[in-house]
Protein chains: 2
Amino acid sequence: MTLRGRKKGEAVPQGVVVRLPIYFRYLTELESAGVERIASAQLGEALDFTAAQIRSDLSYFGSFGQQGYGYNVSELLQQVKQILGLQRVYSMVLVGAGNLGKAIGSYEGFRKQGFDLKAIFDIDPHLIGNHHAGCVIRSLDELPEYLKENQTDIGIIATPKEAGQSVCDIFTAGGVPSIWNYSPTNLTVPDEVIVEDMHLTDSLLRLAFRLNERGFGGSSE
Amino acid sequence: MTLRGRKKGEAVPQGVVVRLPIYFRYLTELESAGVERIASAQLGEALDFTAAQIRSDLSYFGSFGQQGYGYNVSELLQQVKQILGLQRVYSMVLVGAGNLGKAIGSYEGFRKQGFDLKAIFDIDPHLIGNHHAGCVIRSLDELPEYLKENQTDIGIIATPKEAGQSVCDIFTAGGVPSIWNYSPTNLTVPDEVIVEDMHLTDSLLRLAFRLNERGFGGSSE
DNA sequence: TTGTTCTTGTTAATTATTCGACAAGATGAC
DNA sequence: GTCATCTTGTCGAATAATTAACAAGAACAA
């Protein structure tokens, strides 16, 4: 898994990490559409980035193109998958079987990329025992024991904000290396644990801000 | 709605837009907890930013603190609300009443901030007529007509990727100034339309990338 | 072949963002 | 009232990210 290219060893800028999944998504579409080759200029046009940025981003990981030709779509897609770590399978555990938790659990988008939801936990006695997304919903009390017995790559938190930190603590105590957090709170974790936040409300507030920034009228309260 | 402060007129950096909702969320927690004052150093400690960054961010919009004292929590929260545009009420329309759409529709987090879900549309005849989140689910065919009669601030797209662009087109044709997009596709919109993407899979791929970047072992396929 | 057109990967310049430092001014103890 | 302590808002330095430009080399047409 050594990374090639001139920038070997350098840290990958945040922006590159954000753009990689976008490249992945678009390349997947291109491949499905039967497109064989693409140049950075075309990619940039489609995704609204500069061609230089795309070439620069990819150069962190290697040289995947060819002068005078561009990139072979399938080959580049393969490389991007490799870069993102999609040659692996990831085991996931979900805590919180409310509306949001259920939606995440039954989302098809990542299951086919090798992200396997292995178990669901909740604290609500009414939900425990129900089936969802091919899993039985278990009591949160059983989570520490479960984590001892089952290697887990990603812990998903889809609880109200009050429970977010305590669930997170159970995950980190159980050795789960990464957290996908939908609970609207800032989690405190040991340095080595990776947290990826999905704060729905934050996203909506950014939208509201930009709406107002552009002098949008809107309805007054 | 004139913005004060030394940087008046300058564009607000992307990072500031990302951090504002985080400030909002934390200040709300502080106020609920009865905390009266806070210094940028403490805020930075709690949110893992530098104190200078927080002061710099706020300075884009005005001077809200006091030397030797810090910030009054309630007052600063009020200002941040104003900056984000939360003195307004926003009308929203949701397209897509699948698992994810339902979860978004019934999410309490933004309803209380003045984001009002007014109507839900779907294309599936089995769903049309059902009630959800206080709305009847209507046929997507009725959306253009609805938008003519009802001023709408935010269009929410929670459809599969195939339908994303066409729903987006209906929104923009209907004069909706902003889109909150959950469909896993890159939308093409006129310049003046604001798009805020929430791509669940992209987020998960960023997590996978960082997991691999740190030389995480994981399960091989 | 040969020459023209393309397009990459990389460098250097530009632009943007973050951060440390500090003067100015408020607070609060005595 | 006086002084030591805090803490802001801002400036300039340092760091980071983006972009334009171009040499090198492949593709393709004639």
Side-chain angles (χ1 to χ4, degrees), chain A residues 3-20 22-23 27 30 35-77 79-80 83 206 213, chain B residues 3-20 22-23 27 30 35-77 79-80 83 206 213:
Chain A
L3 302 178
R4 301 174 295 163
R6 83 189 152 96
K7 291 172 183 170
K8 173 165 46 177
E10 286 180 34
V12 176
Q14 192 50 213
V16 178
V17 181
V18 170
R19 287 186 294 271
L20 279 171
I22 300 175
Y23 300 153
L27 288 168
L30 285 180
V35 178
E36 265 186 33
R37 57 181 274 194
I38 190 148
S40 60
Q42 296 169 269
L43 260 177
E45 175 67 25
L47 299 176
D48 211 32
F49 302 133
T50 65
Q53 177 154 79
I54 290 171
R55 295 201 300 277
S56 162
D57 284 356
L58 294 174
S59 80
Y60 278 95
F61 309 101
S63 302
F64 311 122
Q66 199 134 54
Q67 288 140 322
Y69 176 87
Y71 301 88
N72 176 284
V73 170
S74 296
E75 199 185 300
L76 184 57
L77 176 57
Q79 292 286 359
V80 172
I83 292 164
R206 291 194 292 270
E213 191 183 29
Chain B
L3 301 180
R4 302 174 293 162
R6 82 188 154 97
K7 290 170 183 171
K8 172 165 47 179
E10 286 180 34
V12 176
Q14 191 50 214
V16 177
V17 181
V18 170
R19 287 185 294 271
L20 279 172
I22 300 175
Y23 299 154
L27 288 168
L30 284 180
V35 178
E36 266 185 32
R37 56 182 275 192
I38 190 147
S40 60
Q42 296 169 270
L43 261 176
E45 174 66 24
L47 299 175
D48 211 31
F49 302 134
T50 65
Q53 177 154 77
I54 290 171
R55 295 200 301 275
S56 162
D57 284 356
L58 294 174
S59 80
Y60 279 95
F61 308 102
S63 302
F64 310 122
Q66 198 133 55
Q67 288 139 320
Y69 176 86
Y71 302 88
N72 176 283
V73 170
S74 298
E75 200 185 300
L76 183 57
L77 176 57
Q79 294 285 358
V80 171
I83 292 163
R206 291 194 292 270
E213 191 183 29

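Per chain, numbering begins at 1; letters A, B, ... match sequence-line order.
Note: CG (B:N72) to P (D:dT8) measures 13 Å, nearest angstrom. Look at CZ on A:F49: it is 15 Å from P on D:dA17, rounded to the nearest Å. Note: CZ (B:F64) to P (D:dG9) measures 8 Å, nearest angstrom. Rounded to an integer number of Å, the gap from B:Q14 CD to D:dT18 C1' is 15 Å. With rounding to whole Å, B:Y69 atom OH is found 12 Å from C:dA26 atom C1'. Put simply, CZ on A:R37 is 15 Å from P on D:dA26, counting in whole angstrom units. In this structure, CG of B:D48 is placed 14 Å from P of C:dT18, rounded to the nearest angstrom. Between B:I54 atom CD1 and D:dG9 atom P the separation is 12 Å, expressed in whole Å.
Sequence order on DNA chain D of the closest nucleotides to A:V16 and B:G65 puts B:G65 first from the 5' end.
In this structure, B:Q53 contributes its side chain and B:T50 its backbone to no donor-acceptor pair below 3.5 Å. The main-chain N or O of B:G70 is never found under 3.5 Å from a side-chain atom of B:R37 such that the two would form a donor-acceptor pair.
Here the straight-line distance linking atom CG of B:D57 with atom CZ of B:F49 works out to 8.0 Å at 0.5 Å rounding. The CZ atom of A:R19 lies 12.0 Å from the CZ atom of B:R206; values are rounded to the nearest 0.5 Å. For the atom pair B:L77 CG and B:I38 CD1, the distance stands at 12.0 Å (nearest 0.5 Å).
The side chain of A:A52 lies closest to D:dA20, out of C:dT7, D:dA20, D:dG9. With distances taken from any side-chain atom of B:T50 to the nucleotides D:dA27, C:dC19, D:dT18, the minimum falls on C:dC19. Between C:dA26, C:dT8, C:dT10, one nucleotide has an atom nearer to the side chain of B:Q66 than all others, and that is C:dA26. You'll find that the side chain of A:A39 is closest to C:dT7, out of C:dT7, D:dT10, C:dT17. Among D:dG25, D:dC28, D:dA21, the nucleotide with an atom closest to any side-chain atom of A:Q67 is D:dG25. With C:dT8, C:dT18, D:dG9 as the candidates, the nucleotide lying closest to the side chain of A:Y71 is C:dT8. Relative to the side chain of B:P13, the nucleotides D:dT19, C:dT17, D:dA21 differ in distance, and C:dT17 lies closest.
Under 4.0 angstrom from either OP1 or OP2 of D:dG9 there lies no side-chain N or O belonging to B:R55. In this model, the phosphate group of D:dT18 is approached by a side-chain N or O of A:R19 to a distance below 4.0 Å at OP1 or OP2.
Across all strands shown, A:G15 has no heavy atoms under 4.0 Å from either base or sugar-phosphate atoms.
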